[in-house]
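Notes to accompany the following structure.
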Amino acid sequence: MDALIPQLLNGSAQGALLLLAALGLSLTFGQMGVINMAHGEFLMIGAFSAYLVQQVIVASDLSIPVALPVAFVVAGLFGLLLEVTIIRWMYRRPLDTLLVTVGVGLILQQAALQIFPSQGVPVEKPRWLDGQLTILGYDWPLRQLFTILLAAVCVAALSAWLKYTSFGRRIRATVHNRDLAETTGISTRTIDRLTFFVGSGLAGVAGVAASLIGGTNSQMGAQYIIPAFLVVAAGGIGQLKGTILAAWAVGVALAFFAYWTTGSLAQVLAFILVIVFLQLRPQGLFTVRTRSLA
Amino acid sequence: MLELTDIKAGYGRTQVLHGVTVPSADVVAVLGHNGAGKSTLLRLAIGLIKPSKGRVVFDGEDITSLAPNQRVARGMAYVPQGQQSFGQLTTLENLQLAADGRRRRKALIDAQLARFPALEQFATRKAGLLSGGQRQQLAIARALITEPKLLILDEPTEGIQPTIVAEIEQTIMELAAAGMNVLLVEQHIGFALEAAERYVVLASGHVTQTGEGGKAATSTVRAAMAI
C-alpha cells in the first residue's frame, strides 16, 4: 500500500509525457493514417528548440514558457516541410511512408549530431519547477506535475480545436471521407498540411517537457516513437479519449513494473502487455459506432 | 451551364466513358442501366476523376483541371450516391461544414432545416445514426447550403422509403422550377424525364440517345438503354 500512491503519481507523470508524445501522432497517424517514424525527431527538434531559446533568454523562469510555443512552431514547420515535400505523394502507400520517414528520422538525428555535442545539451529547469508538492503523504516533484498539467492543457486545447472550430470540423470531415469533404468545398490539401503542422508541433511541445526530465540528445526521439505508436493503436485509431486512457495506463504500468523489477525490464513488460491487449482487441479501447458506413 | 464534351475517362486502364458529350440545359437527366457509366460521369463533372480526353466547361469557364473544392467554390454542388454523410459529425456539424466561410451562415443553415424539418429534430444526433432517408435529406441540404448554380444528384431516391422519395422528388422539382440547374442520374425514369429539359442515355460508356425531356416516350428511352 505504501508503494501504491507514489507509483500511481509517478506513473501518471510518465503517462502524461507519453501522452504528449502520442498526441501529435493521434492526429497524423490516428486521424490521417500516416505512419511518420520521424515524429520522434520532431520531439527532439522541440527539445533542442528549448535549448536554443535558453541561449537567447538566459532566465529559465521565462525561457521555458517562451520555448513551448517556439518549439510548437519550429517542429510544426519541419512537419509541414515533410508533408509538402514527401508525405503528400505517399498518402495511399503506408509501407513507403514508413520506410521514407525512418530515413528522414535518421537524417534529422545525424543533422542534430553535426550541430550539437554528441552527449547532448542541458535544458535548465525554471526555478518554479524546483520543489515538491505533498500529496497523500508523498512528495511529488513539481516537474512531474508540470508535465501532467502541460499534457492536460494540450489535450483540452486539441479537443476544443477539433470539436468547436471550423478547422476542427474540416479535419474530422476529411478524415471521415476525403472525397465527400472535397465535394463539400473543403480543400483537403490545406487540411492535410494544417493537420501535419499541428501534429508535428505537438511533438515539439512534448520535446520541451522531455528535455526538462532527461535533457536533450540526438537519439531522444527514438525512445518515444514506438511507445507513442503503441499508445495510439491501443487507444483506438483516431480516438483521442482512447489515446489518453492508454497513455495513462502504460505510464502507470511502467511505474509499477519498474518498482517491482528494473527500469528496462519494465519497458519490456509494459509493451508486451500492450501487444497482448492489441491481440485480444485489435480495434483498441474505443471504436467508432455508426448505423451506416458513410 | 455545364457542358461535357467528348469525355473519355475511367479507372486505371479500364476506360468507362468513351467520348461522352452532355449538352448544356437547365435540367439534364442521365439515364442508363447499372454499369453504364452514369456515376462515373457525375464524379467526373464534380472533379473526383479527371478525363483522359475531353473538356468540362462550367458557366463559360474550362474547369477540366480544377479540384472538386474549386468547382464547389464556382457554384457546383454534388450529392453522391448512397446517402453519404460525415457519420461521426452531428447533423448540424454536417451543415456547418458546408456553411463555413460563407456570409449569412446561420440563415443558410436555418433555411435548410426549415426545408427538411426532420434534420432540425435530429440536429445534435450523429449523422451516422440517422435513417437512410434522413441522411439523403442531409446530403441534399448540405449541397444546397452552398447556394449552387448547378446541383448534381446521383440517384437521390435510391434505397429510400416511398414517403421520403416523394419529398425529395418534390424538392428537386421546386429547385428546378426556381431556376436552379440540375444534372440528375436517376433510375426512376418517369420522374427523371418529367423533371428534365434534356436527357442523355448511356450504355456501356457510350451515348446511345439524347432528347428533350418530358416529351420523350419512356419506351424509347428503355430501348436506348438496352443497346
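Both backbone and side-chain heavy atoms feed into the values below; hydrogens, waters and symmetry mates do not. Quick note on labels: first sequence line is chain A, next is B, and so on, each numbered from 1.
- The shortest heavy-atom contact between B:L97 and A:A173 is CD1-CB, 3.4 Å.
- The neighbour count for A:Q279 CD, taken as heavy atoms of other residues, nucleotides or ligands under 6.0 Å away, does not exceed 12.
- Residues of residues 36-53 of chain B that come within less than 4.5 angstrom of chain A, heavy atom to heavy atom, are B:R43, B:I46, B:L48 in numerical order.
- For chain A, the nearby parts of B:A98 are the backbone and the side chain; heavy atoms of each come within less than 4.5 Å.
- Between A:D179 atom CG and B:Y78 atom OH the span is 8.0 Å, to the nearest 0.5 Å.
- Under a cut-off of 6.0 angstrom, the local environment of CH2 in A:W161 is crowded, with over 12 non-hydrogen atoms contributed by other residues, nucleotides or ligands.
- Using a 3.5 Å distance cut-off with no hydrogens or angles, the side chains of A:R172 and B:Q88 do not pair a donor with an acceptor.
- One finds the CD1 atom of B:I152 at 9.5 Å from the OG1 atom of A:T183 (value rounded to the nearest 0.5 Å).
- Annotation: the span from B:Q84 atom CD to A:N177 atom CG amounts to 5.0 Å, rounded to 0.5 Å.
- Of the listed residues A:R189, A:R170, A:R169, the one with more heavy-atom pairs under 4.5 angstrom with chain B than any other is A:R169.
- Applying the ring pair (Phe, Tyr, Trp, His ring centres under 6.0 Å) test to A:F72 and every residue at least two apart in sequence or in another chain returns A:F197.
- Per-residue counts of heavy-atom pairs under 4.5 Å with chain B were compared for A:I186, A:T188, A:V175; the largest is that of A:I186.
- In terms of the salt bridge (charged side-chain N to carboxylate O under 4.0 Å, His left out) criterion, A:E182 has no residue partners (sequence neighbours excluded).
- Summarising the local packing, OH of A:Y164 is surrounded by 12 or fewer heavy atoms from other residues, nucleotides or ligands at distances under 6.0 Å.
- In this structure, A:F167 places its CZ atom where only 12 or fewer heavy-atom neighbours from other residues, nucleotides or ligands lie under 6.0 Å away.
- For chain A, the nearby part of B:R105 is the side chain; its heavy atoms alone come within less than 4.5 Å.
- In this structure, OG1 in A:T184 is found 10.5 Å from CG in B:N69, a value given to the nearest 0.5 Å.
- Here the OG-CG distance, from B:S85 to A:L180, works out to 7.0 Å after rounding to the nearest 0.5 Å.
- Checked against salt bridge (charged side-chain N to carboxylate O under 4.0 Å, His left out), A:R88 has no partners two or more places apart in sequence or in another chain.
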